[in-house]
Amino acid sequence: MSDTLFSKIINREIPADILYEDDQALAFSDINPQAPVHFLVIPKKPIATINDIEPEDREVIGHLYLVAAKLAKEMGFAEEGYRAVMNCNPYGGQTVYHIHLHVLAGKPMGWPPYQETLKTP
Ligand code: 5GP
């Protein structure tokens with residue numbers, strides 16, 4: 001799989017505001033925040049999209065949610081609530097092809113998310 005800019009963040013080749021790291025995952029602030037709190041939790045393993053998750057990736061994918069919940073508690077927004085979402089491919093809004101869990105918090109969010117933007121080519 002080709003290197004994405006998230007591999008470069010893992011390898012410290014480009015800077016990021018790193019919030020958490022362990023042997024399987026990294027969490028860092030999104031460069032273009034869409035909420036008062038917006039960070040990404042990524043696996044160190046470079047999996048391109050949700051469609052590329054293999055059975056052996058079960059543990060690491062579950063681990064991303066555990067990291068999200070741990071940071072939510074530590075950062076003080078767990079009870080208030082937040083959104084943890086992974087985009088897949090163009091219609092899902094994915095732009096970086098190394099899977100990442102977006103964690104957004106700090107304001108109430110609407111649902112469904114496509115209400116304002118639904119456009120078919
Ligand atoms: P996607 O659109 O693939 O679901 O999300 C990619 C996210 O990565 C976007 O929210 C975007 O702002 C963020 N992003 C893109 N480039 C960088 C970067 O160089 N550093 C950081 N911290 N975030 C980035």
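By convention here, the first residue in the shown sequence is residue 1. In listed order, ligands and their atoms are each counted from 1.
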Inset, instruction - Following the transitive rule for hydrophobic clusters with a side-chain heavy-atom cut-off under 4.5 Å over Ile, Leu, Val, Met, Phe, Trp and Tyr, establish whether Y20 and I99 coincide in one cluster. - result: yes
Inset, instruction - Run the contact test for H102 against ligand 1 with a 4.0 Å cut-off on heavy atoms, strictly below, and give the result. - result: yes
Legend entry - Heavy atom of the protein closest to atom 12 (O) of ligand 1 (residue, atom name, distance): D30 OD1, 2.5 Å
Inset, instruction - Decide if the gap between the ring center of H100 and the ring center of H102 is smaller than 6.0 angstrom. - result: yes
Legend entry - Polar contact flag for I14 and ligand 1 (N/O pairs, less than 3.5 Å): no
Inset, instruction - State whether K73 and E79 are salt-bridged, where the test is any N-O pair (Lys NZ or Arg NE/NH1/NH2 against Asp/Glu carboxylate O) under 4.0 Å. - result: no
Inset, instruction - May I ask whether D17 has any heavy atom positioned less than 4.0 angstrom from an atom of ligand 1? - result: no
Legend entry - Proximity of Y97 to ligand 1 by residue part, where a heavy atom lies under 4.0 Å: neither
Inset, instruction - Check whether any heavy atom of A16 sits under 4.0 Å from an atom of ligand 1. - result: no
Inset, instruction - May I ask you to check if ligand 1 and V96 share an N or O to N or O distance below 3.5 Å? - result: yes
Inset, instruction - Please work out whether the ring planes of F6 and F28 are parallel, tilted or perpendicular, with thresholds of 30° and 60°. - result: perpendicular
Legend entry - Per-atom contacts of ligand 1 with F6, taking only distances under 4.0 Å to non-hydrogen atoms: 8 (O)
Legend entry - Option with minimal heavy-atom separation from atom 17 (C) of ligand 1, where the choices are N32, I31, T95: I31
Inset, instruction - Using a strict cut-off of less than 4.0 Å between a Lys/Arg side-chain nitrogen and an Asp/Glu carboxylate oxygen, indicate whether K45 and E54 qualify as a salt bridge. - result: no
Inset, instruction - Note the single closest protein heavy atom to atom 18 (C) of ligand 1, along with its residue, its atom name and the distance in Å. - result: L5 CD1, 3.6 Å
Inset, instruction - Please step through side-chain contact (heavy atoms from CB on, under 4.5 Å) for the pair Y65 and L101, ending with a clear verdict. - result: CA-CA 8 Å; Y65 284 91; L101 192 59; 3.5 Å; yes
Inset, instruction - Give a yes or no answer on whether the side chain of D22 reaches the backbone of Q24 with a donor-acceptor pair at less than 3.5 Å. - result: yes
Legend entry - Expected output: side-chain D30 to main-chain N32 donor-acceptor under 3.5 Å: yes
Inset, instruction - Consider every N or O of H38 and every N or O of ligand 1, then say whether any pair is closer than 3.5 Å. - result: no
Legend entry - Under 3.5 Å: donor-acceptor pair, side chain of H63, backbone of E59: no
Inset, instruction - Write out the residue and atom name of the closest protein heavy atom to atom 1 (P) of ligand 1, then the distance separating them to 0.1 Å. - result: H100 NE2, 3.1 Å
Inset, instruction - Specify the protein heavy atom at minimum distance from atom 22 (N) of ligand 1: its residue, its atom name, and the distance to 0.1 Å. - result: S29 O, 2.9 Å
